[in-house]
Amino acid sequence: MASQEAAEQRLTAEEAGLDNAKRLQGELVKSYYKWVVETKKRGGKVAYCFVMANPAELLRVFNIAPIYPEITSLQISYRGGAPPLISLSEEFGYSTDCCGYVKMGVATVLNKGQTSIGYIPPPDMAMLTYSGCQIYIHWWEQYQYLNKTPLFTVDIPYVRNYDGHVARHDIKYVAAQLEELIPKLEQFTGVRYDEEKLKEYITLSKEAWELWKRCLHMGRLKPSPLDAYFEAIYYMSAITLIRGTEECINFYKTLLQELRRRYEENIGPTPEEKFRLVFEGVPNYPFFKRFWNLFKSWNARCVASTYPKVAGIVDVDAFELNPDKPIESIAEYMIHAYCNWNMLMRTDLIRRYVKEYEADGVVIHSIKSCRSFSMGHGDIREYLIKDLDVPALHIESDHVDPRYYAEAQLKNRVDAFFEALSIRKGV
Amino acid sequence: MAQIQEGTTPLAVFEEVVEDSYTTFNQVRGWKERLGRKALGYFPVYFPEEMAHALNMLPVNLLGASGRLPLDIATAHTQSFVCSITKSVFQLASQNLLEPFEALIFSNICDVARNLSGIMMRNFKERHHIDYIHYPINNSSENAVDYLEAEYMRVVKGLEQVSGVGLDDGRLREAIRLFNRKRQLLKTLLEIRRESPWLLPYHEYYTAVRAAEFMPVEEFLKMGEGLVQEVLSRDLRPADRVRVVVVGNFCEQPPVMFMKTIEDAGCYIVWDEALIGPRWVGEVNPDAGNPVRALAEAYVKNPQPLTVRYHPSVDKHKHMLEVIKRTKAEGVVFITPKFCEPALYDYIIYKHSLDREGIPYLHLEYEESTSSFEHVRTMVETFAESIMFD
């Protein structure tokens, strides 16, 4: 522990005042919710959308404000507000084995949008983009039966060629559905489709994605100026909530600047960088900071991770928005959602991260709620340990339900992992 | 072993087939050898079996080991909170018990089955041809049939390599006719349950429909038609039991004893979702110009709900009430495999329509390895009595 004591004398990014992007992110989230409520007041529509594979730029053309119940739920959960919502849904009939996001989302609608983080307008429509999560379908279907919420569907085939090749008929099918969606949205909103506007939003999105990619690539530096998991989870809000805007671009410009300064001044999220990790899986939100501390206390920094890319695997150029081919490029973007990749591709991405980011090990966090993310996590661990000789830790809890977070057990596992890693690294 | 002996009753044959379907697959080996076919195993719920048949392959529904294997290897490769059938199929493969199957097909029925295809691919790609069908969910889109036709053709291309036989329209039409007969036979068996459940106890019905998922279609038709005749000639009287619809057993299968306990505790199961996939698609047009497209249309345009397929214009509330009306059921027993999210969400949708109509229902959970049924008996007895004495 001597090195830990010595490390305490160095400043972290937070202590050195190089943590402003997180504060800015908080403000952006607040102004985003304000914008949603304002859009609704001004006669626009509110659409429930999923984080993965939503056509946010296209919806903006029709003056539709997207609400992401996944994000609403995680924010409520982050502030400790999940239990009453989960209880309400379980009293309503949902099983303990159902996804916590669904239960919190349904409870929010049952409570008519009143939540501990403010008013969330009920949906005028639900945008069912089926990519990477089967529960998306069942979730929106609940609203269809509960509130007669109209559903607009875009079916996105799974990337099932194990080498990552996407069949031509898949792209054609998704693009054709987007074309079919346009007149339906015109009719629903009374707003005419304007392709020039779509191109403009796509151009703005493209720039934001490019900046976000550069931020994520900073994890390759040694030491990494960011935690590309725990911090990236804050930073990903902008690309998810407000892409297609100048504000989004400005946010990532600020972040990039801050990360550069951190690197120049040899400052990071932990006093020093003793371990470089790749992180796979959804975090635990009710105890987010305590969960992070399990790794921070060992001076471990995540240098790459998968979850912050659920809105788009931009760092490996899985997709590229193209204003000249707006519909087709949105279709390709929708296909390449992280959980829409087959397990072989996901496993290989983690292998690439370990190699390219020179990581010491991989932490895999499975959550009870999400089989899409977690089913097969054991196989990833087997592959890393047995085929690649990469140390891997597989732990489990939940992303929103505090009942499944056993900190003492987690700490034992995490400490044992770092002890073994210390011996392996000779530090 | 695969040769049906003269004088053997259909039920005896079905029982032997089912016993072999858990872990040994010797019957499959025998049929392959005798008929000169390759074998294709598909993970539930649906696969166009006629396509495999036309490619000279034996389509077999992989239903897991039904509690007959420890799931230790599979548990290490999956996650704690997943259903048993997934682990069971992985365990079968890891012990090389799926050796008779040259091809394995998965599909987008749920997140667990989807990810299973990838980890099967990583671990067993040397032993099997593995593929995955993405069935459309935007089934009211005018592009859904085009898409599924192209998807079937993509899958066929891979299977042609395995079977060494090219897809021929004439053979596919012939296969569609055979499988239409199979679907009709499965429906006839279900209708017997609906009209006169005392003639065909549930465990006999189930043995027949489960055997249908393993046997070559021609042999099942011969045996199944024989069973129908024999059952209809039985001189049995109805008992005083409550007629129930059972919902939830569309993928992972409960132990036969679990279902038998429901009946023994005072019910007649007059409709259920056991192995619904093979009968669900209904009549396929064998005379359509393009038989692959006919299969795609049968899937996309089918108005019957299926928990694992979303269709924008399907009304599940209406469907549940229609099933109850058609079967004259007095209650519904929801049975959910542990950790099966699709079934748990449909439970909520169906439950609300039953609440509104004041129709009684009961919810039970199971795993394929469930071995104690006393709690099931107690709960179902109480449920049945509450209906009888209401």
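Here the structure is a predicted model, which is why all the values come from computation and not from measurement. In what follows, every chain begins at residue 1, and chains take the letters A, B, ... in the order their sequences are listed.
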Side chain, backbone, both or neither of A:Arg168 within contact of chain B (heavy atoms, under 4.5 Å): neither
Just wondering, more than 12 heavy atoms not from B:Lys157 lying within 6.0 Å of its NZ? no
Take A:Glu180 and B:Asn143 through the side chain to side chain donor-acceptor pair (under 3.5 Å) test and state the conclusion after the steps. CA-CA 9 Å; A:Glu180 282 180 57; B:Asn143 293 285; 2.4 Å; yes
Looking only at heavy atoms, which two atoms of B:Thr307 and A:His138 are closest? And how far apart? O-CE1, 3.4 Å
Can you tell me how far OH of B:Tyr310 sits from CD1 of A:Ile137, rounded to the nearest 0.5 angstrom? 9.0 Å
Say you draw a straight line from OG1 of B:Thr86 to CZ of A:Arg371; how long is it, rounded to the nearest 0.5 Å? 10.5 Å
Chain B contact via A:Ser95 - which portion, at a heavy-atom distance below 4.5 Å: side chain
Return the option, out of A:Thr153, A:Ile380, A:Val154, A:Leu151, with the maximum number of heavy-atom pairs under 4.5 Å with chain B. A:Thr153
Top contributor to chain B contacts, counting heavy-atom pairs under 4.5 Å, from A:Cys370, A:Gly132, A:Ala167: A:Gly132
Okay, B:Glu151 and chain A: the region with an atom under 4.5 Å from a heavy atom over there is both
Which atoms of A:Leu128 are under 4.5 Å from chain B, going by heavy atoms: the side chain, the backbone, both sets, or neither? side chain
Determine whether more than 12 heavy atoms belonging to other residues, nucleotides or ligands lie under 6.0 Å from atom CD of A:Gln409. no
Roughly how far, to the nearest 0.5 Å, is the CG atom of A:Asn342 from the OG atom of B:Ser117? 6.5 Å
Between A:Tyr162 and chain B, with a heavy-atom cut-off of 4.5 Å, which part of the residue counts as in contact: side chain, backbone, both or neither? side chain
Interatomic distance, A:Leu181 atom CG to B:Ser141 atom OG [nearest 0.5 angstrom]: 10.5 Å
Is B:Arg122 paired with A:Asp387 through a side-chain N to carboxylate O contact shorter than 4.0 Å? yes
B:Ile137 side chain reached by A:Tyr130 side chain, heavy atoms, under 4.5 Å: yes
Does any donor atom in the side chain of A:Gln177 or B:Asn138 lie under 3.5 Å from an acceptor atom in the other side chain? yes
Test side-chain contact (heavy atoms from CB on, under 4.5 Å) on A:Asp379 and B:Thr78 and set out the steps. CA-CA 6 Å; A:Asp379 192 62; B:Thr78 52; over 6 Å; no
In short, A:Gly93 meets B:Tyr347 closest at the heavy-atom pair O-CE2, 3.7 Å
B:His352 and A:Tyr145: aromatic ring centres closer than 6.0 Å? no
Taking every non-hydrogen atom, the tightest pair across B:Tyr345 and A:Cys98: OH-CB, 3.5 Å
Is it the case that the side chains of B:His134 and A:Asp170 hold a donor-acceptor pair, with the cut-off being a distance below 3.5 Å and no angle test? no
Main chain of A:Gly376, side chain of B:Asn115: is a donor-acceptor contact present, judged purely on distance under 3.5 Å? no
Backbone N or O of A:Cys99 within a donor-acceptor pair of the B:Glu341 side chain at under 3.5 Å? yes
With the side chain counted from C-beta on, respond yes when A:Arg160 and B:Ile133 share a heavy-atom pair under 4.5 Å apart, and no when they do not. no
Given side-chain contact (heavy atoms from CB on, under 4.5 Å), test B:Phe81 with A:Glu396 step by step and report yes or no. CA-CA 10 Å; B:Phe81 308 108; A:Glu396 287 182 306; 4.2 Å; yes
Looking only at non-hydrogen atoms, find the nearest pair between B:Gln79 and A:Ile367 and report the distance. NE2-O, 3.0 Å
Check whether any side-chain heavy atom of A:Asn161 sits under 4.5 Å from a side-chain heavy atom of B:Arg154, and report yes or no. yes
Would you call the rings of B:Tyr147 and A:Tyr173 parallel, tilted or perpendicular, taking 30° and 60° as the class edges? parallel
I would like to know whether A:Tyr383 and B:Ile119 meet side-chain contact (heavy atoms from CB on, under 4.5 Å); could you show each step before the answer? CA-CA 10 Å; A:Tyr383 169 70; B:Ile119 66 169; over 6 Å; no
Most chain A-contacting option - heavy-atom pairs closer than 4.5 Å, from B:Ile349, B:Leu344, B:Val82: B:Ile349
Bottom line for B:Ile109: the part with an atom under 4.5 Å from chain A's heavy atoms is backbone
Let's go through A:Ser372 and B:Arg114 carefully: what are the C-alpha distance in whole Å and the side-chain angles of both, what is the deciding distance for side-chain contact (heavy atoms from CB on, under 4.5 Å) to 0.1 Å, and is it a yes or a no? CA-CA 8 Å; A:Ser372 171; B:Arg114 193 192 57 201; 3.0 Å; yes
For the candidates B:Lys316, B:His363, B:Glu142, which exhibits the highest count of non-hydrogen atom pairs separated by less than 4.5 Å from chain A? B:Lys316
Short question: side chain of B:Asp111, backbone of A:Gln134 - any donor-acceptor pair under 3.5 Å? yes
Taking every heavy-atom pair that is under 4.5 Å apart, which of A:Lys172, A:Arg381, A:Met343, A:Gln144 has the most such pairs with chain B? A:Met343
With a 4.5 angstrom heavy-atom cut-off, which part of B:Asn123 approaches chain A: side chain, backbone, both or neither? side chain
Ranked by heavy-atom pairs below 4.5 Å to chain B, first place among A:His394, A:Glu382, A:His377 goes to A:Glu382
What residue, out of B:Ser80, B:Pro312, B:Cys340, has the most heavy-atom pairs lying under 4.5 Å from chain A? B:Ser80
At a 4.5 Å cut-off on heavy atoms, which part of A:Ile135 comes close to chain B: side chain, backbone, both, or neither? both
